[in-house]
There are 2 protein chains.
Amino acid sequence: MTTVKDVAKLAGVSTATVSRVVNNSGLVNKETQSKVKSAMQQLNYRPNTVARALASKKCTTLGLVVPDVSDPFFGQLASSVEQITRLTNMQLLLSIGGQDERSEQQAIESLIAQNCDTMVVHSKKMSDETLSSYLNELPGLVLINRFIAEFQSRCIWLNNEYGGRLAAEYLIHKGHKQIAIVNSCLEIDDPLLRKKGFENALPSKNFYFEATPTFDGGEEAANKLIEHLDKVTAVFAYNDAMAVGVISKLSEKGIRVPEDISIIGFDDALFARVCQPKLTTLKYPIDQMAKHAALLSLSISGSNTEFSNLPSEYCYQPYLIERNSVSLNE
Amino acid sequence: MTTVKDVAKLAGVSTATVSRVVNNSGLVNKETQSKVKSAMQQLNYRPNTVARALASKKCTTLGLVVPDVSDPFFGQLASSVEQITRLTNMQLLLSIGGQDERSEQQAIESLIAQNCDTMVVHSKKMSDETLSSYLNELPGLVLINRFIAEFQSRCIWLNNEYGGRLAAEYLIHKGHKQIAIVNSCLEIDDPLLRKKGFENALPSKNFYFEATPTFDGGEEAANKLIEHLDKVTAVFAYNDAMAVGVISKLSEKGIRVPEDISIIGFDDALFARVCQPKLTTLKYPIDQMAKHAALLSLSISGSNTEFSNLPSEYCYQPYLIERNSVSLNE
DNA sequence: GTGAAAGCGCTAACAG
DNA sequence: CTGTTAGCGCTTTCAC
């Protein structure tokens with residue numbers, strides 16, 4: 001491993017000078033500069049980012065915590081954040097938050113130990129209290145998909161309630177009145193808010209089922225749904241995975257979508273375009289949100305000043321993507 | 001930020017002693033030890049991993065290079081690697097290799113700059129030569145899904161040819177003789193090897209189509225396939241995404257799987273279970289492979305000694321997952 | 001057992 | 001413009 005010292009020696013200058021040309025911190029004579037540069041090339045010198053961060057007390061890593069990268073939703077989120085880190089010459093530290101509060105905390109702690117002062121975290125298990133204490137401790141921490149009122153300038157979140165309303169309005173517009181909600185059973189706000197938004201727009205008695213927000217959960221819910229099929233013309237699923245699970249189980253039983261029953265999903269995940277029929281769904285603009293969160297964190301923590309013109313709206317609105325899983329109900 | 005110095009002062013000992021208790025490097029008096037520990041607690045001291053790595057010249061990060069995390073296949077891979085890093089108290093550095101050789105190189109370079117000496121890389125664009133030079137420079141670098149003969153003890157890869165053969169044998173066993181291959185058009189070995197394995201087992205003239213290895217590519221290939229439907233009873237798709245694309249386009253045209261035509265995929269990706277009908281496919285055991293690669297890298301680079309009993313077989317075999325997209329052809 | 005001191009690779013005043 | 005010096009936070013000989 002070649003260091004500044006080696007370069008300095010070969011170029012016949014001090015390490016400070018080498019540092020100056022590496023950092024482009026002006027004020028270096030053209031000639032010395034080229035001497036140093038050629039020495040760097042000869043030795044195949046690569047600055048040690050770790051040492052640099054330590055000495056300058058500036059951090060070149062951005063930490064991301066998500067519950068699970070194997071879930072395509074978070075894969076998408078991670079990918080978007082990575083695009084920002086690449087643009088800003090930062091490195092991405094990935095920490096997995098997992099299923100419980102403790103491992104979410106550990107994920108953050110390990111980022112702190114790495115001296116990481118800019119981070120975006122997706123946490124659903126940690127309480128507002130512990131999360132708030134981290135927010136206080138780490139000025140560069142930005143929350144995604146979560147809203148804590150005292151820190152709203154550091155939260156990027158989705159208007160879930162509005163999403164629920166959009167779904168209801170669309171189904172009503174299509175002539176549906178008897179609807180089943182297939183919701184997530186996880187104890188987080190999102191399903192409750194979507195339900196609330198939906199029911200505000202369609203207060204008549206709807207059927208309601210809960211399961212895990214996965215394909216299997218969707219199948220499970222469909223099994224219960226089947227008993228009420230005569231009273232239901234459409235279903236609003238918590239997410240596309242569940243929607244696809246419902247479709248799959250239904251079609252196994254010979255019930256066709258959208259001919260026999262309509263269905264609307266949420267997320268616009270990979271699934272949505274790939275399934276049969278293609279899914280009408282509510283777009284969750286996670287790409288934009290993730291980029292916004294990363295940029296926000298970078299700008300708050302002072303790691304980057306170039307991108308100062310960030311969106312002023314921190315609350316994102318889902319919007320309808322019409323495909324063909326919903327039919328007109330006369 | 002509290003440092004060793006603060007702890008040392010509060011505990012009335014030297015920083016060396018603090019370091020000793022932090023690292024459990026024995027030889028510390030019980031009493032001093034508890035004094036130090038309570039001081040650490042009082043001050044909420046967290047060792048700075050970056051400084052530690054610098055001073056000890058031991059690295060606590062594992063770097064991962066994949067082309068794209070938003071692709072569920074790589075999400076899965078990343079998730080498996082992360083499970084190993086968590087187990088071994090390492091941090092995961094994620095670098096995206098992207099589409100071309102240059103960005104793959106940059107991904108590796110940025111890991112080197114981070115002083116990362118253990119890494120697993122999935123590279124398909126870099127030439128054997130440049131990759132070999134990195135392998136020489138970085139003893140802890142392990143390749144996944146790629147085979148370079150001179151470095152075979154640092155490669156974890158899939159027997160693609162065998163996968164092709166399995167697909168052919170299964171379809172033959174099911175009575176199919178006229179088969180279309182829907183292959184990836186990417187210029188990497190995998191599609192060629194799968195094709196070779198397939199054709200060795202079924203040398204009769206098959207139909208052959210190429211497209212990008214995605215859902216859209218599958219749809220595109222299906223459009224061409226449709227013209228030859230009278231001469232084809234089954235299709236072998238390069239991966240599940242393509243298979244699902246084929247199914248989708250076909251069913252749009254009123255052609256049913258598996259009644260009218262059978263199809264077999266590759267990967268056993270998320271898609272495979274979710275689509276209609278559920279896809280018969282070849283399992284790509286990427287989870288195990290990724291864990292093996294991470295562990296191998298860790299053990300080679302000397303970052304971890306606990307997991308010495310690694311699998312001795314570096315070449316993984318795909319295996320058949322039978323679902324219901326293939327029917328008997330009499 | 002414990003402390004003093006040197007140093008990991010680099011940056012950042014401060015002189016000159 | 002450039003070199004000297006003093007650290008960043010931690011580990012690690014080497015004495016005591």
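Numbered from 1 within each chain, the chains take letters A, B, ... in sequence-line order. Fair warning: this is a prediction, and the values are worked out from it, not measured in the lab.
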Which nucleotide of DNA chain D is the first, and which the last, in the 5' to 3' direction, to come under 4.0 Å of a heavy atom belonging to chain B? D/dC8 to D/dT13
Can you tabulate the close N/O pairs, meaning under 3.5 Å, that link protein atoms to atoms of nucleotides 6-10 of chain C?
unit_1, atom_1, unit_2, atom_2, d
C/dC8, O3', B/Lys57, NZ, 3.4
C/dC8, O2, B/Ala55, N, 3.1
C/dG9, OP1, B/Lys57, NZ, 2.8
C/dG9, N2, A/Ala51, O, 3.4
C/dC10, OP1, A/Tyr45, OH, 2.6
C/dC10, OP1, A/Asn48, N, 3.0
C/dC10, OP2, A/Val4, N, 2.5

Sequence neighbours excluded, which residues qualify as ring pair (Phe, Tyr, Trp, His ring centres under 6.0 Å) partners of A/Tyr284? A/Phe73
What residues form a salt bridge (Lys or Arg N to Asp or Glu O under 4.0 Å) with B/Asp117, not counting sequence neighbours? none
Between A/Phe74 and A/His122, how do the two ring planes meet: parallel, tilted or perpendicular, split at 30° and 60°? perpendicular
Return each pair, listed once, that meets side chain to side chain donor-acceptor pair (under 3.5 Å) where at least one residue sits in residues 30-45 of chain A; pairs must be two or more places apart or across chains. none
Just to confirm, is there a sub-4.0 Å distance from OP1 or OP2 of C/dA12 to any side-chain nitrogen or oxygen of A/Lys58? yes
Just jot down the side-chain contact (heavy atoms from CB on, under 4.5 Å) partners of A/Leu87, sequence neighbours excluded, or say none. A/Phe307
Rounded to whole angstroms, how far apart are CG on A/Asn24 and C1' on C/dT11? 15 Å
What pairs meet the side chain to side chain donor-acceptor pair (under 3.5 Å) rule with one or both residues in residues 51-63 of chain B, with sequence neighbours excluded? B/Asn23-B/Arg52
Excluding sequence neighbours, so at least two apart, what forms salt bridge (Lys or Arg N to Asp or Glu O under 4.0 Å) with A/Glu109? B/Arg46
Would you indicate whether A/Lys9, at its atom NZ, is surrounded by more than 12 heavy atoms from other residues, nucleotides or ligands within a distance under 6.0 Å? no
Would you please name every residue forming a salt bridge (Lys or Arg N to Asp or Glu O under 4.0 Å) with B/Asp128, sequence neighbours left out? B/Arg146
Under 4.0 Å between any heavy atoms, over every strand shown, what does B/Ser25 touch: base, sugar-phosphate, or nothing? Just pick one. nothing
For A/Ser14, check side-chain contact (heavy atoms from CB on, under 4.5 Å) against everything at least two apart and list the hits. A/Ala16, A/Thr17
N/O (side chain, B/Thr17) to phosphate O (OP1/OP2, C/dG3) under 4.0 Å: yes
Note the angle between the end axes of the helix from C/dG1-D/dC16 to C/dG16-D/dC1, five pairs defining each, rounded to 10 degrees. 40°
What contact category does A/Val13 fall into here, base, sugar-phosphate, or nothing, at under 4.0 angstrom with non-hydrogen atoms? sugar-phosphate
Any pair with a residue in residues 80-92 of chain A that passes side chain to side chain donor-acceptor pair (under 3.5 Å), sequence neighbours left out, goes on the list, sorted by first then second residue, please. A/Glu82-A/Arg86, A/Gln83-A/Lys291, A/Gln91-B/Ser95, A/Gln91-B/Ser110
